[in-house]
Amino acid sequence: MTTISKIRYSRRSMLKAGGAAVAAAALPAPMVWGQETKNITLRQFGTGVSNLNEVAMKVKEDLGFTLEMTALDSDSVTQRAATQPDSFDIADIEYWICKKVWPTGNLQAMDTSKIANYDKIVGTFRSGKLTPESVIAQGTAPHTVGFTSGQNGKDFVQEESGWMTLIPTIYNADTLGIRPDLIGRPINNWSELLNPEFKGKASILDISSIGIMDMAMVVESMGEYKYPDKGNMTKEEIDLTLGIFTEAKKAGQFRAFWKSFDESVNLMASGEVVIQSMWSPAITAVRSQGIPCVYQPLEEGYRSWGGGIGLSASLSGMELDAAYEYINWYLSGWVGGFLMRQGYYSAVPETSKNFMSEDEWGFWFEGKPAQGDIANPFGKVMEKAGAVRDGGSFYDRMGAVACWNAVMDENQYMVRKWNEFIAA
Amino acid sequence: MRKTSITGWLLASPLSLILLVFLAAPIAMIVVVSFWGATEWAIYPAFEFENYEFLLTSSVTSRVFLNTFKYAAITWACTLVIGFTVAYYLAFHIRTLTWQIVLFLLCTIPFLTSNIIRMISWIPFLGRNGLANSALISWGVIDEPVEWLLFSDFSVILAFVHLYTLFMVVPIFNTMMRIDKSLIEAAADAGASGWQTLWQVIVPLTKPGIMIGTIFVLALVMGDFITVRFMSGSQSANVGRMIQNDIALLQYPSASATAVILLVTVLLLIGTLLRFVDIRKEL
């Protein structure tokens with residue numbers, strides 16, 4: 001465990017720490033310092049995926065300070081990061097949200113020289129290339145909004161400038177979820193979502209910024225159109241994409257649209273829907289009810305997303321040091337292992353390996369058949385021996401990313417068109 | 001003289017203050033913001049008509065408003081018929097006050113749980129493999145599951161009727177209880193049939209209650225967003241959902257403009273209804 005190097009006091013910590021702070025100011029001895037750290041509280045908010053109480057408990061145990069977590073949906077997260085900068089210390093947001101929020105100046109850049117494992121962060125988040133041969137996918141690829149020009153920069157720069165906007169924490173590759181028992185034949189392409197065979201049994205998510213990307217994958221797979229950049233469509237491309245889906249909606253292709261994680265689980269588990277856009281843990285949730293559900297790898301590749309933690313611009317002094325300590329701890333492996341055992345990926349996989357059994361590492365990361373039962377961090381058995389992860393290894397899955405969740409230049413137009421699609 | 005007028009002002013002031021702070025001020029704020037502009041992540045003060053211009057010229061707005069009216073009208077008709085029947089039975093067929101109270105309380109039991117739960121519990125019931133479909137299949141009524149039971153206008157209206165009928169029962173029952181029983185006896189003495197008594201005596205005297213129930217139901221249905229979202233599987237839109245979408249995307253000015261138009265529409269509607277019935281008689 002590293003300790004915070006300098007002792008500084010912000011007004012807030014002084015008020016909170018009360019007597020202890022006064023004592024510490026009078027006698028700045030290391031002994032008192034431990035007491036001091038205990039009185040720090042960092043307020044983190046973000047989407048449910050990584051805002052887990054277990055993390056907060058482990059932080060208290062390992063680092064001594066308190067982490068307050070608030071989980072919100074991605075719209076509310078954007079809203080809060082953009083409009084209430086004083087309501088948080090640490091923002092756990094997705095990269096496309098960062099593209100929206102960074103220009104407001106509510107977050108501060110992070111000095112990569114203070115990040116111990118910076119060099120071990122996977123290439124996707126630095127140069128954009130997972131392996132030297134990788135092709136950079138379309139959309140808001142994390143590295144394009146991952147760096148800024150300096151401590152107070154409000155812009156994005158395309159090289160590793162030493163100042164990061166977000167420290168990557170969690171990411172995954174998304175695809176369609178299917179019910180193999182109800183479909184009974186192989187599914188290999190995104191275009192199957194609009195196959196009339198599944199009329200009234202398909203679903204797509206009603207979150208415009210993500211839904212439009214799934215739609216683009218489908219349209220391209222149908223051979224209707226090839227986008228120069230799915231992540232940044234022109235008005236005509238938006239009209240075309242939503243036109244195709246509006247037609248399908250009117251023809252009764254969709255059973256429902258979903259907005260929250262549990263809705264997608266219920267639609268799939270109840271058999272209302274047999275093919276739909278889905279998130280990885282939702283697949284696991286369906287399977288854990290004993291219902292077959294596959295996260296189907298498709299020929300056209302995955303739609304990927306990534307999240308990271310950013311620091312509030314108002315964070316300073318001792319809290320800022322604590323935040324850096326938290327980030328370093330985050331990348332040091334425990335959290336990574338915790339997330340990877342749920343099917344996500346950690347930004348520094350090699351440190352996470354130390355916190356996973358060989359079998360877990362083989363199953364989740366290397367795509368090897370499970371030797372024994374694979375349990376999630378909460379002790380629930382997810383897969384039996386012999387099972388192989390849908391899509392295979394980390395490099396197979398993250399190497400086949402076709403696009404990243406994105407926010408477009410024509411976002412407002414897209415949103416209006418999306419509303420028309422829902423109302424159609 | 002002077003003293004009483006001061007007392008009068010003082011007595012009236014708490015309510016006026018509460019209304020001013022919690023009703024008038026927020027509405028004024030919404031009206032002001034509806035003229036503001038928005039970028040993707042911020043709103044800025046301005047005085048522009050762009051929000052209204054977009055709303056009033058977009059075909060989506062008219063479609064969504066029509067859909068909202070459709071839900072409101074059908075729900076109103078269903079709740080009125082059911083609500084009137086229930087209230088009539090309670091008021092005129094149950095003889096003792098004790099039983100009237102007991103049965104009335106029985107009506108309110110479902111309302112002890114949250115309305116989200118009452119709404120969502122329809123979903124497994126109406127689903128493709130749900131109770132309704134499996135029952136119909138086992139009775140041999142249908143061969144294949146009926147799809148329109150769930151995630152359709154049918155399920156939306158069913159949920160609305162289920163959620164809001166009580167708001168019709170209560171005011172109608174209340175007015176019916178105040179009807180002087182001797183009027184009904186007089187009608188019978190004058191040779192009126194049961195239907196004539198109902199139509200020419202009870203219904204006219206119940207109008208204020210019907211009107212209050214109508215206002216409740218219309219206001220609730222027109223302002224709803226969550227029922228439509230869950231029961232239509234997000235496939236249908238009403239005005240509430242339009243506002244919700246705007247808010248989610250940080251488009252507060254546009255959401256405010258929609259809210260103002262909705263408010264004006266509902267006020268016009270209720271204003272028109274009040275022309276027909278004097279609910280003050282009730283109060």
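Proteins come first, then strands; the chains are lettered A, B, ... in the order of their sequence lines, and each starts at number 1.
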Does [atom1] belonging to [X] count more than 12 external heavy atoms closer than 6.0 Å?
{"X": "A:E247", "atom1": "CD", "value": "no"}
{"X": "B:F216", "atom1": "CZ", "value": "no"}
{"X": "A:R185", "atom1": "CZ", "value": "yes"}
{"X": "A:W418", "atom1": "CH2", "value": "yes"}
{"X": "B:F22", "atom1": "CZ", "value": "no"}
{"X": "A:K199", "atom1": "NZ", "value": "no"}

Quick check: closest heavy atoms across [X] and [Y], and the distance to 0.1 Å?
{"X": "B:N129", "Y": "A:S270", "value": "ND2-O, 2.9 Å"}
{"X": "A:E420", "Y": "B:V60", "value": "CG-CG2, 2.6 Å"}
{"X": "A:K201", "Y": "B:R128", "value": "CG-NH2, 3.5 Å"}

Hey, could you give me the [atom1]/[atom2] distance between [X] and [Y], rounded to the nearest 0.5 Å?
{"X": "B:F230", "Y": "A:E263", "atom1": "CZ", "atom2": "CD", "result": "5.0 Å"}
{"X": "A:Q412", "Y": "B:F54", "atom1": "CD", "atom2": "CZ", "result": "10.0 Å"}
{"X": "B:S254", "Y": "A:N419", "atom1": "OG", "atom2": "CG", "result": "8.5 Å"}

Quiz item: Looking at A:D206 and B:R241, does any basic side-chain N land under 4.0 Å from a carboxylate oxygen?
Solution: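 Salt bridge: yes.
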Quiz item: With the threshold set at 4.0 Å, does a side-chain nitrogen-carboxylate oxygen contact exist between B:E147 and A:R255?
Solution: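 Yes, this pair counts.
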Per-residue contact mode, [X] against chain B (heavy atom under 4.5 angstrom):
{"X": "A:S203", "answer": "neither"}
{"X": "A:V273", "answer": "backbone"}
{"X": "A:K249", "answer": "side chain"}

Practice problem: Answer with side chain, backbone, both or neither: which region of B:L150 has an atom nearer than 4.5 Å to a non-hydrogen atom of chain A? | Solution: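 Both backbone and side chain of B:L150 come within 4.5 Å of chain A.
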Practice problem: For residues A:F257 and B:R229, determine if any side-chain heavy atom of one lies less than 4.5 Å from a side-chain heavy atom of the other. | Solution: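 When only atoms from C-beta onward are counted, B:R229 and A:F257 do not touch, as no gap falls below 4.5 Å.
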